[in-house]
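Just so it is clear, the values below take in all heavy atoms, side chains as well, and ignore hydrogens, waters and symmetry mates. Not measured: the values here are computed from a predicted model.
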Amino acid sequence: MSFKPLSTLRRGFGMFWSALDSTRRGVLNVLFLIIVIILLMAIFGGGVKPMATKTALVLEVKGDLVEQHSGNVRDALMANVGGGDVRKSVQLRDVLTVLDSAAKDPQISSVLLLLDQMDGAGLAMLNEVGLAVERVKAAGKPVIAWGSNFDQRQYRIASHATQVYMHPMGSVHIEGFGRYRNYYRDALDKVGVTVNLIKVGTYKSFAEPYIGNGPSPAAAEADAFLYNALWAGYTADVEKNRKLPAGWIAQKIDALPALMEQAGGDTGKLALTTKMVDGLKTRDEVRAMMITRGAPDDDGKSFRQVGFDEYLARLRPPMFGEGVGVIVAAGEISDGNAPAGSIGGLSTANLIRKAREDKQIKAIVLRVDSPGGSAFGSELIRRELELTRAAGKPVVVSMGSVAASGGYWISMASDEVFADRSTITGSIGVFAILPTAEKVVDKLGIHTAGTTTTWLADAYNPMRPLDPRFTQVIQSSINHIYSEFTTKAAAARKTTQPKIDEVGQGRVWTGVQAKERGLVDTIGSYTDALKSAARRAKLAEGYRVAYIERDVSAFERFVTMFGASAAQAVNIEVKLGLMPSGVPASAMTEVSKELGWLSDMTNGRKPFAAVTHCMCTAP
């Protein structure tokens, strides 16, 4: 019998492949069986274990406090696999749900706030959480706040607590509002980039960093007016919460060098003597205190407690029944479809249409937290809300930390507009910005030439100077869009276009200032907006609150069943030849983002973008 090595090799490989395939199927079947068992246990296992009395809710906020998670589960998982950065976030609505449920839960006896890991949050969101803390206290339940340190945002929430404790080596860092911005005129001149700005609005200062080396007098005036009002509101609230005399915080900041000297450089002692905290305790001392005030856990090593995530998982909102539909419009506004955490004119309009066509949704609350963006995308959303009202469903807008420019545009088609006292709103203005690099190509010796049938063909070519005729055309269009903006705002606010123009011109206002100028209806919270929508729809007590969001894939539904986070940070890297070596990366983050935005403005021209954006952020 002859030996056939190829045949033997083929048979051997076939046996190996068959064994490998059988193993793969076996492993997958086992995994599938485990998942089925877990699901069956969750469904038929008797539900979650009941909580004992004297349980403390430990509310530890880890990450950015946001209106809506950004990105999706698939993106987050892929970033993890690729070694990317996944930034945690906590939704405001989840924090409010947990606190309001704890206030009514007889098993919850107290709340412990741990805010060390809470990062970004807008002022309006901080106010919302503070109001929820007050509702817990009104239910007769003490709220204890502890931190190793408190920054300005963290302390805004902590000040509402019944008692505030801090680590002996910690500090309370309250510094005030305002910022220095970067201006790029000289830098852009050095590399030969010309920024052509066409706008309407004296105070529309979005593009000033690209055309000047400092703020215009109008921008400086508006910023001072805004920041002073926000700071006055912040300090008044904290002083009221802590039962301090008016002006206390400003006095202590002014006297800080002397006070630090008196405290021997001990920031913990300083916080105690200035009455910003009620005591200095280490984490184990807080644990011991909570045991004596509540009850020890089963092991006797800590206090009886339930964490934020666990308690949230216990809360099962109703899936059916008449209710208020909530659509979150958070982030910058673009024309088409956008993922969660940003606003797409088309995708957000589709969500509004979905709510309008749902017979169980009797009213809509649009929760807005946006500095604006595309004028066209904003109009798509406004129009869909207009159609919803025409269909007989009330629309109530709840403004978050920022609802300016395009964020204000989408708020106009509503029955009532709620703003927080600290909401940054207004910025009624329009601009277009068209960078050109004709000086760059001259320096490099690059020449551009060609033949066109009309002067308009290839009118905006970043390699050539902007044609004055094209500038005139764009200015006419921008003027028209501003007229549309102010006319629609006048109709929505039941006033005249000239009066809107007086408070428009791109100027931003706080919620209180906007109310004084007739730009919003009511100063109130998100909860107030929900109640208003329910009242207008004549809904009974116990109505359902349904968040209308994009349909998720089967993959995302599967992964989120196991608690995966959908939050993902977006990293922006720009290479314009302006980044000097030796500068710390943290110092260049804002530069990269702003110059990256300018670079993006040259892409996707049709033939230009009308922008309603305030470039403002909550302090």
Residues forming a side chain to side chain donor-acceptor pair (under 3.5 Å) with [X], sequence neighbours excluded:
X: Arg283; value: none
X: Thr282; value: Asp284, Glu285
X: Gln68; value: Glu549
X: Gln117; value: Glu60

pair [X]-[Y]: side-chain heavy atoms closer than 4.5 Å:
X: Glu239; Y: Pro245; result: no
X: Arg367; Y: Leu92; result: yes
X: Tyr543; Y: Glu322; result: no
X: Ile174; Y: Met276; result: yes
X: Met166; Y: Leu280; result: yes
X: Met51; Y: Ile108; result: yes
X: Val172; Y: Val277; result: yes
X: Tyr155; Y: Asn241; result: no

Tell me if a side-chain donor or acceptor on [X] pairs with a main-chain N or O of [Y] at a distance below 3.5 Å.
X: Ser89; Y: Gly63; result: no
X: Asp64; Y: Gly120; result: yes
X: Asp297; Y: Lys301; result: yes
X: Asn149; Y: Ser171; result: yes
X: Trp248; Y: Lys243; result: no
X: Asp151; Y: Arg153; result: yes
X: Ser411; Y: Gly407; result: yes
X: Thr423; Y: Gly400; result: yes

Passes side-chain contact (heavy atoms from CB on, under 4.5 Å), Met290 versus Ser110? Steps please. CA-CA 9 Å; Met290 295 298 292; Ser110 61; 3.7 Å; yes
For Ala537, which residues count as a side-chain contact (heavy atoms from CB on, under 4.5 Å) partner, sequence neighbours excluded? Lys362, Ala363, Pro394, Leu539
Which residues pass the side-chain contact (heavy atoms from CB on, under 4.5 Å) test with Asp309, not counting sequence neighbours?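 Expected list: none.
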Which heavy-atom pair separates [X] from [Y] by the least distance, and what is that distance?
X: Asp528; Y: Ser525; value: OD2-N, 2.9 Å
X: Ala102; Y: Leu57; value: CB-CD2, 3.7 Å
X: Val136; Y: Val111; value: CG1-CG2, 3.9 Å
X: Leu366; Y: Ala329; value: CD1-CB, 4.1 Å
X: Val365; Y: Ala529; value: CG2-O, 3.9 Å
X: Ala338; Y: Gly344; value: CB-N, 3.3 Å

Are Arg544 and Gln360 close enough, and set up right, to give a side-chain contact (heavy atoms from CB on, under 4.5 Å), and what steps lead you there? CA-CA 9 Å; Arg544 181 170 67 103; Gln360 291 192 322; 3.4 Å; yes
Parallel, tilted or perpendicular, judged at 30° and 60°: which one describes the rings of Tyr547 and Tyr526? tilted
Within 6.0 Å of [atom1] in [X], more than 12 heavy atoms from elsewhere:
X: Lys393; atom1: NZ; answer: yes
X: Lys281; atom1: NZ; answer: yes
X: Lys137; atom1: NZ; answer: yes
X: Lys354; atom1: NZ; answer: yes

From CZ (Arg353) to CD1 (Ile327), nearest 0.5 Å: 11.0 Å
How many angstroms lie between atom OG1 of Thr53 and atom CG of Asp105, to the nearest 0.5 angstrom? 11.0 Å
Quick one: do Ile144 and Met289 satisfy side-chain contact (heavy atoms from CB on, under 4.5 Å)? Show the steps, please. CA-CA 10 Å; Ile144 308 301; Met289 179 188 72; 4.0 Å; yes
Any salt bridge between Asp100 and Arg93, counting N to O under 4.0 Å? no
Check the pair Asp420, Leu123 against side-chain contact (heavy atoms from CB on, under 4.5 Å), reporting the backbone distance first and the verdict last. CA-CA 9 Å; Asp420 183 84; Leu123 285 175; 5.6 Å; no
